[in-house]
There are 2 protein chains.
Amino acid sequence: MTEKASFSSSPSEPFTKGLVQVFTGDGRGKTTAALGTVIRALGHGLRVYIVYFMKGSYPYGERNILSKLPNVNMASFGSLEFVDPANVKPEEKEQARQALAAAREAMLSGNYDLVVLDEVNLAAAWKLVELDEVVRLITDKPQNVELILTGRQADTKLVQVADLVTEMLKIKHPYDKEIIARKGIEY
Amino acid sequence: MTEKASFSSSPSEPFTKGLVQVFTGDGRGKTTAALGTVIRALGHGLRVYIVYFMKGSYPYGERNILSKLPNVNMASFGSLEFVDPANVKPEEKEQARQALAAAREAMLSGNYDLVVLDEVNLAAAWKLVELDEVVRLITDKPQNVELILTGRQADTKLVQVADLVTEMLKIKHPYDKEIIARKGIEY
């Protein structure tokens with residue numbers, strides 16, 4: 001990895017060219033990779049907004065840390081219950097629509113250098129939000145804002161408009177061995 | 001994802017069964033996924049130790065944040081210069097050996113619930129450390145400690161002894177378009 005940066009070393013300097021990153025695939029590490037990138041960005045004084053799609057009031061470990069840090073704001077939409085993709089409820093669509101609107105507002109506000117849309121890929125795949133609306137958000141991105149989209153089943157349209165796409169591939173998973181999710185690691 | 005946890009909800013309760021996670025592959029998100037998992041673990045009151053192999057004094061954004069948080073300690077080994085795998089220097093091997101020894105000591109100390117060995121996979125692939133020593137560390141792991149190993153080129157021996165292995169697969173990368181690494185995101 002080169003140590004050269006494409007912009008000034010001033011910690012509050014925004015990106016001169018913010019990219020669109022997509023983390024997808026069935027393996028672990030999509031949301032945690034976004035979260036790690038958030039911590040790295042905050043460490044450089046950048047301003048971050050995170051929108052959680054389909055995760056209710058995000059009772060996750062990261063909230064306890066992020067809520068104590070400056071320069072990061074979070075918003076959460078959707079219920080804590082599982083969405084049934086074969087039977088999406090109108091209120092679930094409305095929540096996802098609000099999540100996308102919040103992401104758009106943050107992206108265009110000038111107040112954030114990095115905006116994370118957590119689980120938006122799956123929300124689009126399950127038609128909680130219109131795929132074209134997500135594509136439109138990306139194409140409307142101001143040059144100096146970085147976007148990260150996470151979630152399984154990222155549509156090829158999202159891959160096409162993104163700059164950096166990583167697939168988390170499950171090589172071996174403990175759920176295969178019937179170990180259940182553990183607090184502090186899985187959620 | 002199930003919300004059931006395999007251990008008590010007490011925030012300082014260690015893992016009843018800590019796993020061995022490996023993040024490998026050429027794509028983005030290995031170190032950031034480990035870092036995100038660290039934040040999640042800290043949010044639940046777990047105690048974390050991070051060993052950086054081959055990254056010198058880690059002048060990375062995350063240090064600015066992690067150094068302000070409780071329950072996390074870091075140690076860094078190796079120089080900031082690139083290791084040439086075709087011409088590994090004795091002092092590079094010595095640094096990597098010290099890194100592995102620090103990880104082992106932390107793992108066995110009883111003071112940590114999660115130990116991250118950042119870039120250890122590549123350190124083993126490049127023979128900075130003996131692969132068998134890394135395998136031995138894993139097999140000596142106390143039951144209630146979680147290990148995360150990151151880095152490209154994880155050996156199949158590591159995949160065999162790990163519980164959870166994720167390959168970060170590069171689908172699309174901006175370096176392909178000659179965009180150089182950017183502070184706050186790439187490092």
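Letters A, B, ... mirror the listed sequences (proteins, then strands); counts begin at 1. Computation of the quantities below employed the complete heavy-atom set of this structure, encompassing side-chain atoms and omitting hydrogens, waters and symmetry-equivalent molecules.
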query: How far does NZ of A/K68 sit from NZ of B/K68, to the nearest 0.5 angstrom?
result: 15.0 Å
field: All pairs passing salt bridge (charged side-chain N to carboxylate O under 4.0 Å, His left out) where residues 97-108 of chain A contributes a residue, at least two apart
entry: A/E94-A/R97, A/R104-A/D140
- prompt: Do the side chains of B/V165 and A/K170 get nearer than 4.5 Å, heavy atoms only?
  reply: no
message: With a 4.5 Å cut-off on side-chain heavy atoms, are B/L69 and A/I65 touching?
response: yes
- prompt: About how many Å separate OG1 of A/T32 and CZ of B/F23, when rounded to the nearest 0.5 Å?
  reply: 5.0 Å
message: Applying salt bridge (charged side-chain N to carboxylate O under 4.0 Å, His left out), can you list everything that pairs with B/E130, at least two apart in sequence or on another chain?
response: none
task: Considering non-hydrogen atoms only, spot the tightest contact between B/T37 and A/R28 and give its length.
output: OG1-NH2, 3.4 Å
- prompt: A/K172 side chain to B/T166 main-chain N or O, any donor-acceptor pair under 3.5 Å?
  reply: no
Spacing of B/K30 atom NZ and A/M168 atom CE [to the nearest 0.5 Å]: 9.0 Å
task: Taking atom NZ of B/K93 as the centre, report whether more than 12 heavy atoms of other residues, nucleotides or ligands fall under 6.0 Å from it.
output: no
- line: Rounded to the nearest 0.5 Å, the CG atom of B/D163 sits from the NE2 atom of A/H173 at a distance of 11.0 Å
Contacting moiety of A/I39, where chain B heavy atoms sit under 4.5 Å: both
